[in-house]
Every structure is written in C-alpha cells, then in structure tokens.
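Note on naming: letters A, B, ... go to the chains in the order of the sequence lines (proteins, then strands), and numbering restarts at 1 for each one. Both backbone and side-chain heavy atoms feed into the values below; hydrogens, waters and symmetry mates do not. What you see is a predicted model, and the numbers here were worked out from it, not measured in a lab.
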Amino acid sequence: MMVMEAKEVCKGYKVTELGEIPIEWDVQSLEDLSERILVGLATSVTKYYRNSGIPIIRNLNIKKGYFDDTKMLYLDEDFCKKQRNKAVKMDDVITVHTGSNLGLTCLVPEEYNGSQTFTTLITTTKKKILNPKYLCQHMNSYLGISEINRLQVGGGKNNLNVSDLKNYKIAIPPIEEQQKIVEILSTVDEQILNTEKLIERTKKNKEGLVQQLLSKGIETTKFKYTELGEIPYDWEVVRLEEICTFLDGMRRPVKSSDREKMKGDYPYYGASGIIDWVNNYLFDEELILLAEDGENIRSRNLPIAFKVTGKCWVNNHAHVFKVTNRDRDVSDFIVYFLEKKDYTKFINGSAQPKLNQKECRSFLIARPPYTEQKKIADILSTVDEQIEAYEQEKQKYIELKEGLMQQLLTGKLRVTV
Amino acid sequence: MSKLTLQELESHLWKSADILRGSVDSSDYKNYIFGLLFLKRLSDVFEEHKYNLIQEHGEEIGSILADDPEQYQFYVPQAARWEEIRKHAEDIGSAINVAFEALENENQTLEGVLTPIDFNRKEVLTDSVLQRLLQHFSLLNLTNSNLSEPDMLGRAYEYLIKMFADDAGKKGGEFYTPSKVVDLLVKLIKPEEGMRVYDPTCGSGGMLIQSVDYVREQGGNPQSLSLFGQEKNLGTWAIAKMNLLLHGLPDHRIEKGDTIRQPKLVEDGEIMLFDRVIANPPFSLKEWGREEAEHDPYGRFQYGLPPKNAGDYAFIQHMVSSLKSDGMCGVVMPHGVLFRAGAEGKIRQGLIESDLLEAVVGIPSNLFYGTGIPACILIFNRNKSLERKGNVLFIAAEDEYQEGKNQNILRDKDIQKIVVAFNTYKDVEKYARVVSSDEIKVNGYNLSIARYIDKSQEVELIDLTTVLQDIKELETTQATIKVKLKGYLKELGIGEI
C-alpha cells in the first residue's frame, strides 16, 4: 500500500480548493454571497439617448477600481421606468463583460444610484457577509484575473456572462477583516493616485518653467524686441549653425541585418533614441542629436532632441552636432530649446515629416550668456529629476500594493481588527 | 410594385460582378457590365417609349410611329433588343456583339462606344456565364417610369465605377474623383451658361456632368454648356460617352488618346482654348511623356520641363495653356507639387511670377479611393480681379471632414466654408490667408500651406504660482497618507517606509 505523506498545514490554516486559508475564512461562490447577479441592458438603446435623464453606464466608464464619469450618456426616463429591475444601486459592483478590458471592475458611486448600464455585469453583494469594496479589490487583483480566466476557458470566447460570474470562487474573511483589508489597500491606492497627480503637476511646472525661462530668463528686468519677440536685453538671437558644429557627414546608417553581425556594447542611435547596440563607434564626445524624420516629429510622443556622451554610433535619421564653444554654450540648454520648439510648419501634410539640415542650421535661438544657460539647464534638469523620482515612487507603491494583495487577500498575513 | 431605388440598383449591379468574377480579369468587369447596363437601359426605354406612342396615338398610328427612328433619342433595332438577345441559347457573346454593332449603325452618337467591348471570348465568357449574366440583368426594369429618381442611372454608373476602383485596387494613379470633391471644384470655378468646359483627363466624365448640374442649379440652361474632354483609356472613354448620354447630354466632344503626348482638341495647329478647365489628373504619373514634351509642337511647357517621374506639372501646364484670356482652371493635385524642389520648383516659380495662381486649398487626406495621401486644389486664373493680383489665397481645410468607413467625406458645410472663403478672399484665423507673392518669394516659392497658416494651438500660459501651490498641497497629502500607511505596515509587522 502506498503511503501518501500529508503536507503539513500551518497552525490556524485549513486546506481548500483555493489553497491554504485561515480557519476563520471560507471559500464561497459569488452566487451565494450576492443578493443578485445580472447583466444590464442588452438591446440597442440608441433611440432612447437623450441630453438628460437616467444615466447609462457603459464599459468605458468602468476603470480599474474607480468610476469614470467624464463621458456620460443619458436615457429617456419613461423607457427606464420599464427597466427598473436592471437599475443599479450605490455600491453595486459593476464589471466589464467583454473585450480587451474584460473583468475590469468598480463600484457604483452614490450619485449614480438608479442608473442603467449597457451590457455590464452587476453584482449586489449581501452586505453583511461580503463587503462590495473587498469584492472589487479582489476582482481587479491577480486572483480575480486568474479566476475570470478560469471561468472563460469553457467557451474559449472573450466573454463573461452571468452564469460564469455566479461561479466566481472567492476566499472571504470575516466582515470586520474585510473592512480593515479594504482600508489598507485603498490607502495605497490613494497614495498611487496622489503620486500620479504629483507627476502631472510637476510636468506642468516644468512646462511653465520652460515657457518662462527660455524666453524671459531668470530675474531679468530689461528686455529688448527681436524677431523672436521680447527677450532679455543681454541675450542675442543667433542661428543654430552659428553656435553649433554639424557633423552629419560622419553619420553612417547600418541595415539591421548587418547590425546582427556587429552586436556590441556601444549604443546605436536613430531618430528618437537608442535602437541597437553595436561593437564599434563613430563618435566619442558630447553631442546633441535631433531627429531628422519620423512620425515622432508630428506626434511628439518621444523626445526629439537629446544629449549623448561617450562612444556611440548614429544613423542618418538624426542630425548630429556639437556645441562649438563649450565655454560659451551649454548642450543641455540647447536640448531644452530644441525640445520646446514647435515644428508644425515643417509638417507638409504628406507621408513623412522631415527636418532637413539646411532648415536646422537656420533655426533661430534666443541665446543667454553662459552662466544663465547653465543655471536654466540646472533648474530644468532638477525638475526632470523630481519627475523621475515621483515616477519611481509610483512604481514602488504599485509594487507595494501587489505585494500586500498577495499577502492580505489570501490570509497569509492577518490584519488586526 | 414599388419603383427601383438607387440602392437596389447599385447592389443588383454589384452582384453582376460576382457572376463574372473568376472568369474575367477584374479590370475588365466594368466594361462588360456597363455595356450590358447601357444596352438594357436603351432597350427598356425604347420599349417604354414605343408602348407610350401606341397608348397615346392608338394602335394604328401608334404602330407606324413606333417604327420611325425619328421618334426616339436612341432607336434600338431588332437585333439589339433585349428580348431578342435573350432568345439565344448559344453563341450569346456573338449575339451581343451583333447587337452593339446594330445599335451603333442606327445611332451615330454611339459610334465606337460599344463595339470595342468584345463579348465573343468563348474561353472566358462561356455561354453559361453569359446566360446567368443576362438573366441577372433581366431582373432589372430600367424604364423611366420605374426609376424612383430620374438621374439614377448616371449615379449608379458612378457607384459602379467607384466599386470597381476599390475592387481592382488599381494603382497607376487612375482613381475616381469622389463627387464631393468635384462638387467643391465646380463651386470654386463657377461655370456659367454658354461657357466651354474642358476636362483633359476626363475619366468617366463626372466633372463635366457636375458642371452641367451646377449651371442648372444656378438657374441657367444646362444644355448651353459646351463640353469637351479627352481620355486615354479606351474602356474609360466608352464609359464617359455612355455616362454623358445617360445623363441626357448628347452634345459633347470627348476624344480618345493621351492628352500630353497627343492632344486631340486642337484647332489650326494650336491648342483649343476654354473658359473653364477642370481635372483630376493621375497623381505623379511616371512615364508621362517627357520625351515628347521636349519637342511639344504646341509650346505648352513654357515654364519648364517637368521631371521624368512626375507628370503633375505637365498636366498643370497643359491646363493653363488651354485657358482663354479670361479663363479659370481648377485642378486636384498631390501635396508634393506644393514643395518639391528641382525642376518642379522652377516651374512653380514661373507660374507664381506670372501671377496665374489664385488659390491653394488644402483638402483632407483619405478622400480618394485607392490612396490615402492628402491632396490640394489649385485654382489658376488668367484674369484675376484687381485686388487679387499679386496675391495667393491659402485655405487650410484639411481638418474639416466627416469620417467614413473606408474614406473621409467632405460635408456640404465643409464645402460651403471653403467656397465662402474663396469668394471673400480675406483672412480667416487659422483657416485662410491672403499671401503676397513677395512673401512666397521669401519662402523660396514653397507653397506648403503650413508655412503660411499657423494652426498651432494657442499655448496656455501656465500660472506657476498656482501649480506650485497644488504641488505643495499634494506633498502634504502625500505625507499624511504616508503616515497612515506606516501605521498599517507596522501593525502588519512587515516593515517601515
């Protein structure tokens, strides 16, 4: 007879179909934990759209853990009277049932009590045993995602229907524990949101500083009028070629198939950054690169100008130049200027936008004295560092939330109530 | 029974392509289908008129009149009548060819229109395929009384052309000009009663037809316009002829041939001149005829010889040299003609210095079938009014359109806005600007619209004090939340932040 060794279960835990959970917890299906699970309006309602009336919630209003009402549509009131059984209540849990955002869940806010929804899944939990906020956190977490995948697998379709949702299994703690877990997780959510706002505001700050510093300087009081508008009296208007030396002739493009044979440690630059790493270099000094062509000149999603130092290779999709006199001009300042510049007049409307060398050479720039250039570049790069720091902080908080969910939603770590 | 609607007709005609698909090369479809459509239409109208004559004049007189060719716009002899052709169970292709010949014999205006379409291709057009095709067409009643709209046939023709262009995916710059674009062009150049209108690359004849419609809408006599055109592709030429005839415009002169290499509309060794010249030439045509242009007997290319691989400026110069001393021309061109340097730059300079260019209109991209590139409309005028002399009006209308499934569409209000801007010839912020030729010269004769009309968004001046205040508050909130979080993490025994 084969003896199976029983796995040791930690004290205070029990084994269930969802793994080891605390003894006080229970595994249940959503059907047993809810007063109702249903789907919203499923037929076409386009003819009932009105400018005001009963709000209709659509998939795009459901974001991960929060309700987005920036684009709200409304339905005729009389029509909605006949659909009262589908109306949602405050704190109902609504879920996207199809498409790429399948499974995204949030709660119905108080202001939208009584609204209709279009094809969303609606769950009204039994408040005494399942906190809707807890359910929402769970459904948006890695546990919820895997559970929803499991429920979908049967049909192989990208669709979650009511009967699937009824079978959603969840390990739930006692209600007071749920409450505490919700508090902790939502605090982290708050912090993430706050950090996002900080990032946005700091970017705005940078924008404002760029506007101000690059045209009005630091604490200048006297101004003069030039072809670039009003600038500080001790600045001058010059063409880019007067203060930079162009090195376009030294660029060499290499086909990607050829680059396969020259893999190495030196960066290979294209229009908007490093696109490969090669084993040789063309340049070895402080340079400025400016995109010559590419969709980015139109869309500006990525930086269009950047400073590079050290050994590198550049292809013919970025102009290469360097500051002619490093004691008179600061590369970082020029990069900020080029990044701020508006290139719409070079977009001819046809296929590829292009900045040719002749044009670039004659870009007019308002040129401050050396110390001011340095100061401006320092201020702006400090703000850039601050933005970067916030971005990293945000990432950390996101990781913290992931980690906390792994511990708290499974009961591996217990909260104190 | 309800009348045939345009939609029904269009979808029925498109299905006829399914019968031929596989047997015939897709670029040939349209010729067979247009030919049969034309035949059926003429036959139905003939029978209808014949019937009406008898109704009106009684059996005796009626039947005499019915056999008199003078009574009909197009007399359909026995061999060409639909029912007659249907009687054949074999050699159907031959029977159709005979029908075409008979029709052309009886009607001079149809000479050479139908006979080039050869239905006697037994290898690809088997009797069985032709049976099915004829059967399909038999289901259509194309009498006037059965059409819900009088100009349906013409429009169905247009629809077919556009469907075929899509289906064949033919490159080579030969695509159909959407009717809204033509509408815009016509409204800009405003043809008037009694004028001579010319389309040197007339395709299926749509621009000429819409010019006539315009005159009618303005209350003028549409028949007073003299219509001229030339079309290189023989199949398309035949379609243009049929199109004009179906629109009730028998008085026209459309020549066959290559406009650049062999202009046919000449008089006493010189290019004929017209009041209005309107066209959508093939975009950037390679092999357009540079060798012949070098020795052009008509001296059309006085501003310079266009480069070998782009015929745009050849068509522009041909059109400009076809203008009477007070003539106007409107032409659709790809954006490249506005800024490409080299030989084209020199020609552009010459045209601007001669003060012939009146307006440059940027239209939205993705308007045309088969190509998504943005285009523009150039208006040339040999007789600019005083206040327009020395100036060019730029109109940046690229952003105003309606998105369609496969193409974008110019709405009536978009067309209206452009036309009003052109008529008033004054600055409209971020939309239209009157630019002096001096300023164009300073810009190296570059006509790129973005150079002259600044569409950049108003830069919002950021109030730094407010932003900094916001950041301060957010930092405070950040600190508060951090304290709270610290508390929780301590409770949980994880660690500190």
Atom pair [atom1] ([X]) and [atom2] ([Y]), whose distance is rounded to the nearest 0.5 Å:
X: Ile181(A); Y: Tyr488(B); atom1: CD1; atom2: OH; answer: 12.0 Å
X: Thr344(A); Y: Ile453(B); atom1: OG1; atom2: CD1; answer: 12.5 Å
X: Lys484(B); Y: Gln191(A); atom1: NZ; atom2: CD; answer: 10.0 Å
X: Thr187(A); Y: Lys486(B); atom1: OG1; atom2: NZ; answer: 15.0 Å

Residue part contacting chain B, namely of [X], when any heavy atom lies under 4.5 Å:
X: Leu413(A); result: side chain
X: Tyr343(A); result: neither
X: Gln212(A); result: side chain
X: Leu408(A); result: side chain
X: Lys180(A); result: side chain

Grab the two heavy atoms, one from Arg201(A) and one from Val467(B), that are nearest each other, plus how far apart they are.
-> O-CG1, 3.4 Å
Check whether more than 12 heavy atoms from other residues, nucleotides or ligands sit under 6.0 Å from atom [atom1] of [X], and answer yes or no.
X: Lys216(A); atom1: NZ; answer: yes
X: Lys340(A); atom1: NZ; answer: yes
X: Lys341(A); atom1: NZ; answer: yes
X: Gln406(A); atom1: CD; answer: yes
X: Lys63(A); atom1: NZ; answer: yes
X: Lys133(A); atom1: NZ; answer: no

Select one option (side chain, backbone, both, neither) describing which atoms of Leu338(B) are under 4.5 Å from chain A's heavy atoms.
-> neither
If one checks every heavy atom of Glu475(B) against chain A at 4.5 Å, the contacting part turns out to be both
Between Thr480(B), Leu474(B), Thr477(B), the one whose heavy-atom pairs under 4.5 Å with chain A are most numerous = Leu474(B)
Heavy-atom pairs under 4.5 Å with chain A, option from Thr466(B), Asp470(B), Leu468(B) with the top count = Asp470(B)
Ile184(A) side chain reached by Leu489(B) side chain, heavy atoms, under 4.5 Å = no
Thr195(A) vs Gln478(B) side-chain heavy atoms within contact, under 4.5 Å = yes
Checked Glu183(A), Arg414(A), Glu200(A) vs chain B; the most non-hydrogen pairs under 4.5 Å come from Glu183(A)
Residues Glu393(A), Lys482(B): salt bridge by 4.0 Å N-O rule = no
